[in-house]
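Scroll down for the structure; my scribbles are underneath it.
Hydrogens, waters and symmetry mates play no part in the numbers below; they use all other heavy atoms, side chains included. One-based numbering, in listed order, for ligands and for the atoms of each. Worth saying up front: this structure is predicted, and the values here are computed from it rather than measured.
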Amino acid sequence: MKIANKEYRTIWYEDSVVKIIDQTKLPHQFIIKDLSTVKDAINAIKTMEVRGAPLIGGTAAYGMVLAIQENNDLDFIKKSSDELIESRPTAINLKWAVDRMMKKLSGINSDQILDIALKEAKEICDEDEKFCKNIGLNGLKIIAEIYNKTKKKVNILTHCNAGWLATINWGTATSAIYHAHQKGIPVHVWVDETRPRNQGANLTSYELNEENIPNTIIADNTGGILMQRGEVDMCIVGTDRTLSNGDVCNKIGTYLKALAAHDNNVPFYVALPSSTIDWEIKEGKDIPIEERNSEELSHIEGVDENNEIKKILIYPKKSKAMNLAFDVTPAKYITGLITEKGICEASSDALKKMFK
Ligand code: MRU
């Protein structure tokens, strides 16, 4: 998608380095950063220079390429794959991508291994782009149906950033919105700010602006009253891990939005590529939920009058804070899962029928 009218993907390989857009600096600075070693890739995932489940997976795949470039030794490659998997716990795409790379590389001669790793990492990213495009074409049908009934602008609420910046391109939740906009359907997006890291305000609103899609940032607690007032036609969010029973783990606060949507008969959709499905864990309580540094809550970042990025403390110095990054929305609150293969019920039967 576009930034300042130029098309980008979120990650690419050029001249033996991996290029990423540093998301910790958006929306105030647009910086393309080079990752040269597997440690750089791990650090980019940990510090959230790259983030969003599919992009974390793509970065981990290219992280494996960087490991092989650095030291083409099986022990080093295995150690690097373990460290990559440990770099963030909740988004399943990370393990999925590293496991896929390791499977592809097993038994390959050392003189061929780099070429094969590069090809597979690119394939993982190309596939994500293709899947996200298809998710959008499937989700478009839901938006078009609402529009055909009302002939009015369709108001869509989204949480966090499940946009193209969280994937390789198109996004998951936003892909349907981009497709609807391109088809001339009038859409407006309510963007949850998404404290503490403000992925909604800093990333979703930013990327929608760059594509000229009308959007309004709201505080995370505003969605409920908007739904009561009939100002939300549907919600679409992304997911970091989708269980085979249809439960969905996504950015903290997603669950509360689903409860409000349920209480107000607002359809609540989750958009996902099949790479976020965890076929092993059976219950939401067993998903590892990332607990991040409480400084993300107690401090806030922005630009000062000289356009310099500054971080300031906003809590009482003596207060403790707790920062859980994800929650689990039970399948019963989800109207449907929008996948690359089609839309299905959030249930084990429907998911099995679609993917197994
Ligand atoms: O902590 P983040 O910013 O990596 O969390 C991202 C999300 O929760 C997204 O909604 C999710 O990864 C789906 S992205 C297509």
Side-chain angles (χ1 to χ4, degrees), residues 1 9-11 20-24 26 44-60 87-97 125 128-129 131-136 139 157-178 189 191-207 220 235-242 248-258 268-278 287-293 296-297 323-329 334 337-340:
M1 306 300 286
R9 297 217 306 185
T10 49
I11 189 164
I20 57 159
I21 299 167
D22 180 353
Q23 299 194 19
T24 61
L26 291 176
I45 295 170
K46 279 190 174 161
T47 60
M48 293 173 68
E49 288 169 350
V50 288
R51 38 140 312 277
L55 178 56
I56 292 172
T59 309
S87 57
R88 279 192 80 186
T90 304
I92 188 73
N93 304 55
L94 181 50
K95 183 172 179 323
W96 168 86
C125 291
D128 186 69
E129 176 166 6
F131 284 4
C132 285
K133 184 172 180 189
N134 287 340
I135 289 167
L157 184 142
T158 192
H159 189 68
C160 193
N161 173 256
W164 75 268
L165 289 167
T167 64
I168 306 303
N169 212 343
W170 290 105
T172 55
T174 56
S175 184
I177 297 168
Y178 289 131
V189 187
V191 178
D192 281 353
E193 178 192 29
T194 321
R195 282 281 287 148
R197 288 191 69 107
N198 298 337
Q199 290 96 328
N202 290 347
L203 304 173
T204 307
S205 182
Y206 169 78
E207 60 164 88
D220 291 329
C235 303
I236 320 182
V237 299
T239 159
D240 289 84
R241 197 184 284 238
T242 311
V248 159
C249 181
N250 192 48
K251 181 54 54 197
I252 193 85
T254 302
Y255 170 53
L256 291 178
K257 261 340 107 69
F268 189 91
Y269 286 95
V270 180
L272 61 128
S274 47
S275 52
T276 70
I277 304 174
D278 181 339
I287 299 174
I289 300 287
E290 178 175 5
E291 183 171 349
R292 297 185 61 85
N293 194 319
E296 290 182 351
L297 277 165
N323 185 13
L324 290 178
F326 299 94
D327 61 25
V328 180
T329 301
I334 298 168
L337 301 175
I338 309 171
T339 77
E340 74 268 15

When you look for heavy atoms under 4.0 Å from ligand 1, do you find them on the side chain of His159, its backbone, both, or neither? neither

Looking only at protein heavy atoms, which one is nearest to atom 7 (C) of ligand 1, and what is the separation? Asp240 OD1, 3.2 Å

Using the side chain to side chain donor-acceptor pair (under 3.5 Å) rule, pick out the option among Asp128, Thr242, Asn93 that qualifies with Ser275. Asn93

Mind checking whether Met48 has a heavy atom under 4.0 Å from ligand 1? yes

Heteroatom proximity flag, Gly238 to ligand 1, N/O under 3.5 Å: no

Rounded to the nearest 0.5 Å, the CD1 atom of Ile21 sits from the CG atom of Leu26 at a distance of 7.0 Å

Among Val237, Asn250, Leu203, closest by heavy atom to atom 9 (C) of ligand 1 is Asn250

Please list the nearest protein heavy atom to atom 14 (S) of ligand 1 with its residue and the distance rounded to 0.1 Å. Ala166 CB, 3.6 Å

Which is it for Pro54 and ligand 1 at heavy atoms under 4.0 Å: side chain, backbone, both or neither? side chain

Thr167 heavy atoms, cut-off 4.0 Å: which ligand 1 atoms fall inside? 15 (C)

Got a salt bridge between Glu290 and Arg292, using NZ or NE/NH1/NH2 to carboxylate O under 4.0 Å? yes

Looking at side-chain heavy atoms only, is the closest gap between Phe326 and Ile252 below 4.5 Å? no

If I apply the N/O under 3.5 Å rule, does Gln199 come out as touching ligand 1? yes

Name the residue from Arg51, Glu49, Arg197 that meets the side chain to side chain donor-acceptor pair (under 3.5 Å) definition with Gln23. Arg51

Distance-only N or O hit between ligand 1 and Arg88, under 3.5 Å: yes

Would you check whether Gly52 has a nitrogen or oxygen atom less than 3.5 angstrom from a nitrogen or oxygen atom of ligand 1? yes

For the pair Asn161 and Gln199, evaluate side-chain hydrogen bond (donor to acceptor under 3.5 Å, both in side chains) and give the outcome as yes or no after the intermediate values. CA-CA 5 Å; Asn161 173 256; Gln199 290 96 328; over 6 Å; no

Look up atom CZ in Arg88 and atom CD1 in Ile56, then write down how far apart they are to the nearest 0.5 Å. 4.5 Å

Could you check whether any side-chain heavy atom of Ile20 comes within less than 4.5 Å of a side-chain heavy atom of Leu55, counting everything from C-beta outward? no

Could you state the interatomic distance from OG1 (Thr276) to CZ (Arg241), rounded to the nearest 0.5 Å? 10.0 Å

At what distance is the nearest protein heavy atom to atom 5 (O) of ligand 1, and which residue and atom is it? Lys251 CE, 3.3 Å

Around atom 15 (C) of ligand 1, find the nearest protein heavy atom and jot down its residue, atom name and distance. Thr172 OG1, 3.1 Å

Please work out, at 4.0 Å between heavy atoms, whether the side chain, the backbone, both, or neither of Cys160 comes within that distance of ligand 1. side chain

Does Thr276 approach ligand 1 within less than 4.0 angstrom via side chain, backbone, both or neither, non-hydrogen atoms only? neither

Is there side-chain contact between Lys257 and Cys235, with heavy atoms separated by less than 4.5 Å? no

Would one find an N or O of Arg51, backbone or side chain, under 3.5 Å from an N or O of ligand 1? yes

